[in-house]
Participant: 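Sharing a structure with you now.
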2 protein chains.
Amino acid sequence: MSSTTDLAPDVSLHVQEKWLRRRAEILRAALRAFREKGYAETTLGDIAEYVGVRKTALYHYFPDKETILYECHRESLAEVSGLLSAARRRHTGAADRLHSVITDHVRVMTETLDGSPISFEVPSLSGARQAEIIGARDQYEKGIREIVQQGISEGEFEAVDPKLAVFAILGAINWISRWYRPGGPVGTADMGNQFADHLVGGLLKRKW
Amino acid sequence: MSSTTDLAPDVSLHVQEKWLRRRAEILRAALRAFREKGYAETTLGDIAEYVGVRKTALYHYFPDKETILYECHRESLAEVSGLLSAARRRHTGAADRLHSVITDHVRVMTETLDGSPISFEVPSLSGARQAEIIGARDQYEKGIREIVQQGISEGEFEAVDPKLAVFAILGAINWISRWYRPGGPVGTADMGNQFADHLVGGLLKRKW
DNA sequence: ATGAGATTTGAACGGTGGTTCAAAATTTAA
DNA sequence: TTAAATTTTGAACCACCGTTCAAATCTCAT
């Protein structure tokens with residue numbers, strides 16, 4: 001019947017929605033497995049077990065293992081991609097914009113992606129897919145760098161190397177996937193704010 | 001002849017030193033391969049190729065792949081483990097101590113470990129080894145947390161959750177392995193200082 | 001120079017995991 | 001209810017990779 005990204009045109013709406021629900025379930029299970037074991041050590045059997053099927057059922061929804069990873073990446077990026085423009089709309093100053101991006105990114109990491117490890121698994125993608133994901137990631141980084149540069153130019157931030165500053169910020173945020181567990185003992189509703197205060201505060205011009 | 005952690009007692013000094021040199025070379029190659037591909041995707045053939053031997057030669061020096069990883073972990077921890085006590089000896093204030101630890105840790109990451117990805121590969125260790133590495137890592141984190149707590153208690157730092165603050169700091173530092181490349185375009189001699197200024201500065205009590 | 005020891009190599013093994021494919025099972029729609 | 005469509009399953013395949021082992025090669029020490 002299906003190509004594994006969408007359904008045949010004559011399939012009923014009910015069947016389509018059921019298919020999409022199962023597909024989404026597989027992606028959720030994959031994300032969890034990748035977080036726990038990494039992509040390479042996760043077997044299709046692991047993912048299937050979390051879903052409650054056998055590994056070969058996954059081929060009804062995805063053509064191969066890598067595509068599952070790729071789709072996880074795309075979903076993660078979709079969550080993150082609007083954060084910059086939202087921060088720019090809401091705020092004019094660099095500090096407020098940066099604070100907003102960080103807070104939102106932490107929220108996405110913890111509430112939507114459940115501590116997604118996806119930032120780590122880029123090298124497992126092949127050729128064009130890897131280039132695409134890296135491209136989108138680099139766009140996001142660039143956008144944050146521009147905010148930092150804005151802060152420096154307007155005298156709000158110390159004259160740091162924006163690239164290093166952004167790597168530090170994104171490192172802190174991406175590392176959340178290493179320790180954050182939904183319902184775990186660490187991490188509260190306010191952690192986005194603490195992260196942002198810390199990471200933005202450290203850039204502000206010192207008043208001596 | 002050898003057990004793979006040391007040599008037979010009657011082996012000449014010359015042969016011992018040669019053996020140890022080769023062994024160290026293998027560890028260096030492994031660290032590089034793990035950085036580039038991750039532990040799971042790195043084959044023994046990859047490591048061997050970097051050394052210029054065949055994969056089976058590695059068994060003369062290490063009993064299995066995991067032991068290579070374990071030894072990489074131990075070496076990394078050896079580099080990091082003295083940083084806390086050094087900072088405590090050198091400084092009395094929390095901010096100075098924290099600044100010192102961060103600067104030193106960044107230096108170790110970039111100069112000694114060439115951007116070691118080792119923080120990421122803990123789940124690949126089995127049982128007792130994993131517990132050991134996690135234990136040592138947790139000790140280090142705890143030490144940093146105590147510095148942060150000192151800063152809070154003495155009114156030097158904002159009243160943050162020390163655990164979150166330390167995760168942010170260690171995230172930023174560990175993330176270096178994702179973008180830092182020896183001789184690469186990013187990263188200068190002063191990046192440790194920028195990182196430390198940023199990450200410590202963000203904790204300092206605000207003066208309004 | 002030579003024999004012993006150290007080091008490296010290549011062949012082989014076995015287990016694992018991604019993938020294919022056809023049959024079985026389940027669901028759907030008339 | 002029934003046939004068609006969809007979904008799941010299990011058997012099988014094969015490539016790959018960690019590991020073993022004995023032979024080949026190299027190095028060392030006398």
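Hydrogens, waters and symmetry mates are skipped; everything else that's a heavy atom, side chains included, is used. All chains are named by letter (A, B, ...) in the order of the sequence lines, taking the proteins before the strands, and each is independently numbered beginning at 1.
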Participant: Would you mind building the protein contact string for nucleotides 11-25 of chain D? One character per nucleotide, 5' to 3', B for base within reach (heavy atoms under 4.0 Å), S for sugar-phosphate only, - for untouched.
Facilitator: B-----SBBBB----

Participant: Separation of A:Phe62 atom CZ from C:dT19 atom C1', in whole Å?
Facilitator: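 Checked: the CZ to C1' distance equals 16 Å.
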
Participant: Between atom OH in A:Tyr61 and atom P in D:dT6, what is the gap in whole Å?
Facilitator: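 One finds 12 Å between P of D:dT6 and OH of A:Tyr61, rounded.
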
Participant: I would like to know whether B:Glu132 and B:Tyr70 meet side-chain hydrogen bond (donor to acceptor under 3.5 Å, both in side chains); could you show each step before the answer?
Facilitator: CA-CA 10 Å; B:Glu132 181 194 331; B:Tyr70 173 63; 2.7 Å; yes

Participant: What's the CZ-C1' distance between A:Arg23 and D:dT6, to the nearest Å?
Facilitator: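 Going from A:Arg23 (CZ) to D:dT6 (C1'), I get 17 Å.
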
Participant: Collect all protein-nucleotide pairs involving nucleotides 22-27 of chain C in which both atoms are nitrogen or oxygen and the distance is under 3.5 Å.
Facilitator:
{"from": "C:dT27", "atom 1": "O3'", "to": "A:Lys18", "atom 2": "NZ", "distance (Å)": "3.4"}

Participant: Which pairs with one or both residues in residues 45-68 of chain A pass salt bridge (Lys or Arg N to Asp or Glu O under 4.0 Å), sequence neighbours excluded?
Facilitator: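 Every pair satisfying salt bridge (Lys or Arg N to Asp or Glu O under 4.0 Å) with a residue in residues 45-68 of chain A: A:Lys37-A:Asp46, A:Glu66-A:Arg129.
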
Participant: Can you list every ring-ring contact (aromatic ring centres under 6.0 Å, His included) pair that touches residues 121-150 of chain A, not counting sequence neighbours?
Facilitator: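 Residue pairs with at least one partner in residues 121-150 of chain A: A:His105-A:Tyr140.
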
Participant: Quick one: A:Trp19 CH2 to C:dT28 P, roughly how many Å, whole number?
Facilitator: 16 Å

Participant: Can you see if the side chain of A:Arg22 gets near the phosphate of D:dT6 - specifically, an N or O under 4.0 Å from OP1 or OP2?
Facilitator: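 Looking at the OP1 and OP2 atoms of D:dT6, neither is under 4.0 Å from any side-chain N or O of A:Arg22.
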
Participant: Round to the nearest Å and state the distance from A:Leu69 atom CG to C:dG18 atom P.
Facilitator: 12 Å

Participant: Run the salt-bridge test on B:Arg22 and B:Glu25 with the 4.0 Å N-O cut-off and return the result as yes or no.
Facilitator: yes

Participant: To the nearest 0.5 Å, what is the distance between CD1 (B:Ile102) and CG (B:Leu98)?
Facilitator: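 Here the rounded value is 4.0 Å.
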
Participant: Of all the nucleotides listed (C:dG10, D:dT7, C:dT28), which has the minimum atom distance to the side chain of A:Ser12?
Facilitator: C:dT28

Participant: Tell me: CD of B:Gln16 to P of D:dT27, nearest whole Å?
Facilitator: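 My rounded result for the distance is 19 Å.
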
Participant: At under 4.0 Å, does any side-chain N or O of B:His60 touch on OP1 or OP2 of C:dT8?
Facilitator: no

Participant: Distance under 6.0 Å and angle within 45° of the ring axis: does B:Arg178 meet both against B:Phe120?
Facilitator: yes

Participant: By side chain to side chain contact (heavy atoms under 4.5 Å, CB included), which residues pair with A:Glu79, not counting sequence neighbours?
Facilitator: A:Val108, A:Thr112, A:Leu113

Participant: Closest-nucleotide mapping onto DNA chain C: is A:Leu13 or B:Gly52 further toward the 5' terminus? I mean the 5' end.
Facilitator: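 Nearest nucleotide further toward 5': that of B:Gly52.
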
Participant: If you take all heavy atoms of A:Ala95 and A:Val200, which pair is closest and at what distance?
Facilitator: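 Minimum heavy-atom separation between A:Ala95 and A:Val200: O-CG1, 3.9 Å.
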
Participant: Kindly state each residue pair satisfying salt bridge (Lys or Arg N to Asp or Glu O under 4.0 Å) with at least one member in residues 96-108 of chain B, sequence neighbours excluded.
Facilitator: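 Checked against salt bridge (Lys or Arg N to Asp or Glu O under 4.0 Å) - neighbours excluded - the pairs reaching residues 96-108 of chain B are B:Arg90-B:Asp104, B:Asp104-B:Arg107.
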
Participant: So, OP1 or OP2 of D:dG10: does either fall under 4.0 Å of a side-chain N or O from A:Arg54?
Facilitator: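 Yes.
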
